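One structure is given here, and the rest of the page talks about it.
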Number of protein chains: 2
Amino acid sequence: MTIPQQSSLLRMSTFRLARRLRAQKSDDSVSDAQFAVLATLSIHGEHTLSALAERERVSAPSMNRTVNCLEEAGYLARAEDAIDRRKTNISLTASGIELVEATVSKRDAWLTERMRALTADERDLLARAAELMGRLATQ
Amino acid sequence: MTIPQQSSLLRMSTFRLARRLRAQKSDDSVSDAQFAVLATLSIHGEHTLSALAERERVSAPSMNRTVNCLEEAGYLARAEDAIDRRKTNISLTASGIELVEATVSKRDAWLTERMRALTADERDLLARAAELMGRLATQ
DNA sequence: TATTGTTATACTCTATAACTATA
DNA sequence: TATAGTTATAGAGTATAACAATA
């Protein structure tokens, strides 16, 4: 198999699996865009609005709106920066942490159940592949 | 490593790689939702509106709107069904086929370039993993 | 009566341009 | 003057409810 053929296979399988995983949510009231923000705050901690916009590759006004919705729903909180008063520091509330954990658990449970149907060798192969995929994505 | 740990690794890497791949487009004027429709028509051929809505898991009015945009942009065409005149058959135009091929090429080129940095054994491992991921997604 | 597609309406996500407050 | 955040406005994607045409 040529390298382009291998790439094409990996691209298709990655999209299909990501799509199935994304469908596993713990709460339908939060959109994909909103959940991505909560997940980013969960993994990388407190962000200013513009840092969050840059990381999610959307405009600041767009992120501002999404943050407004999430703040209103009680999943995150804004706090004025003590030093630079133009900035607002955005972080998860207890309720936001809970929602991220519940969704991550649901997705992992869905995948774990399907991985039990594989052999130990196949699971090991997938774990090693995951490490390589991470490297490809950050390259 | 436990099965849940393997699952969690695979989930994170899949999302990261899918995100990077999705960012590789050949034309910024077509949204993700619109491109997904074009890709579905490219892979699975002609669809009625409701078949398309069901496959993309959105409502019929939502799909109708997306199809309107794509029709106006000239990427797909509606045709009346000869037998059942309630139905409209939706298929890609030459321009639509071209756009799908250009985007797929760009994504594959991006991934192929990064896979060249791996060893032959690592690429082979990823190709076998892709097959397993496809199986997990359809299970 | 049921199905297919569409229109009406409303809310979220997206963007650019313009504004406010602070540095 | 520059930067961080926000508001104004407009276009696209999502949904449910209601409608027209056809089976």
Side-chain angles (χ1 to χ4, degrees), chain A residues 18-19 22-25 27-41 44-91 96 99 103, chain B residues 19 22-23 25 27-41 46-91 96 99 103:
Chain A
R19 191 186 174 99
R22 219 177 306 118
Q24 305 295 317
K25 297 186 202 178
D27 186 344
D28 262 349
S29 72
V30 175
S31 73
D32 284 349
Q34 288 176 355
F35 186 76
V37 171
L38 298 181
T40 290
L41 291 173
H44 299 103
E46 194 176 71
H47 279 66
T48 62
L49 183 78
S50 42
L52 214 42
E54 191 179 356
R55 196 184 277 277
E56 299 297 318
R57 294 169 204 246
V58 297
S59 65
S62 178
M63 182 53 71
N64 189 54
R65 195 157 188 167
T66 300
V67 166
N68 283 343
C69 288
L70 289 168
E71 186 180 30
E72 201 173 322
Y75 293 126
L76 55 75
R78 282 177 163 101
E80 245 187 24
D81 189 287
I83 298 164
D84 185 340
R85 276 166 44 206
R86 292 173 306 183
K87 295 183 179 175
T88 60
N89 295 311
I90 298 161
S91 57
L99 178 62
T103 301
Chain B
R19 191 187 175 97
R22 217 177 309 119
K25 298 186 201 179
D27 186 344
D28 262 351
S29 74
V30 175
S31 72
D32 286 347
Q34 288 176 355
F35 186 77
V37 170
L38 298 181
T40 290
L41 291 173
E46 194 176 71
H47 280 66
T48 62
L49 183 77
S50 43
L52 215 41
E54 191 179 356
R55 196 185 276 277
E56 300 296 318
R57 295 169 203 245
V58 298
S59 66
S62 177
M63 182 54 72
N64 189 53
R65 199 159 184 165
T66 300
V67 166
N68 283 344
C69 288
L70 289 168
E71 187 181 29
E72 202 173 322
Y75 294 125
L76 54 75
R78 284 175 162 101
E80 246 187 23
D81 190 287
I83 299 163
D84 185 341
R85 276 165 45 206
R86 292 173 304 183
K87 296 183 180 175
T88 61
N89 295 310
I90 297 161
S91 58
L99 178 61
T103 301

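Worth saying up front: this structure is predicted, and the values here are computed from it rather than measured. Proteins come first, then strands; the chains are lettered A, B, ... in the order of their sequence lines, and each starts at number 1.
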Exercise. Residues two or more places apart in sequence or in another chain: which of them pass side-chain hydrogen bond (donor to acceptor under 3.5 Å, both in side chains) with Thr88(B)?
Worked result: none

Exercise. Whole-Å distance between dT6(C) C1' and Asp81(B) CG?
Worked result: 17 Å

Problem set entry | Heavy-atom pair of closest approach, residues Leu38(B) and Tyr75(B) | CD2-CB, 3.9 Å

Problem set entry | Rounded distance (Å) that lies between atom P of dT3(D) and atom CD of Glu54(A) | 13 Å

Problem set entry | Nearest-angstrom distance from the residue atom CD of Glu72(B) to P of dG11(D) | 12 Å

For this session: Could you state the atom-to-atom distance from CG of Asn68(A) to P of dA8(D) in whole Å?
Result: 12 Å

Exercise. Are OP1 or OP2 of dG13(D) and a side-chain N or O of Ser31(B) less than 4.0 angstrom apart?
Worked result: yes

For this session: Map Asp32(A) and Asn89(B) onto DNA chain C by nearest heavy atom, then report which one ends up closer to the 5' terminus.
Result: Asn89(B)

For this session: Check whether any side-chain N or O of Gln34(B) sits under 4.0 Å from OP1 or OP2 of dA12(D), and answer yes or no.
Result: no

Problem set entry | Any Ser50(A) side-chain N or O less than 4.0 Å from OP1/OP2 of dG5(D) | yes

Exercise. In chain order, what residues pass the side-chain hydrogen bond (donor to acceptor under 3.5 Å, both in side chains) check against Ser50(A), with sequence neighbours excluded?
Worked result: none

Exercise. When the distance from CD of Glu71(B) to C1' of dT6(C) is rounded to whole Å, what number comes out?
Worked result: 13 Å

For this session: Could I get the full list of side-chain hydrogen bond (donor to acceptor under 3.5 Å, both in side chains) partners for Thr48(A), not counting sequence neighbours?
Result: none

Problem set entry | Nucleotide dT6(D), atom C1' - distance to CD1 of Ile90(A) in whole Å | 12 Å

Exercise. Does Asn64(B) have a side-chain nitrogen or oxygen under 4.0 Å from the phosphate oxygens OP1 or OP2 of dT6(C)?
Worked result: yes

For residues 58-65 of chain A, which side-chain N or O atoms pair as donor and acceptor with protein atoms under 3.5 Å away, sequence neighbours left out?
unit_1	atom_1	unit_2	atom_2	d
Ser59(A)	OG	Ser62(A)	N	3.3
Asn64(A)	OD1	Arg78(A)	NH2	2.9

Problem set entry | Any residue meeting salt bridge (Lys or Arg N to Asp or Glu O under 4.0 Å) with Glu46(B), in chain and number order, not counting sequence neighbours | none

What N/O pairs connect the protein and nucleotides 15-22 of chain C at under 3.5 Å? Give each pair on its own line.
unit_1	atom_1	unit_2	atom_2	d
dA15(C)	OP2	Ser59(A)	N	2.7
dA15(C)	OP2	Ser59(A)	OG	3.0
dT22(C)	OP1	Arg85(A)	NH2	3.2

Exercise. When the distance from CG of Leu49(A) to P of dT14(C) is rounded to whole Å, what number comes out?
Worked result: 13 Å

Exercise. In whole Å, what is the span from the OH atom of Tyr75(B) to the C1' atom of dA12(D)?
Worked result: 16 Å

Exercise. What is the minimum heavy-atom distance between Ser29(A) and Gln34(A), and which atoms define it?
Worked result: O-OE1, 4.0 Å

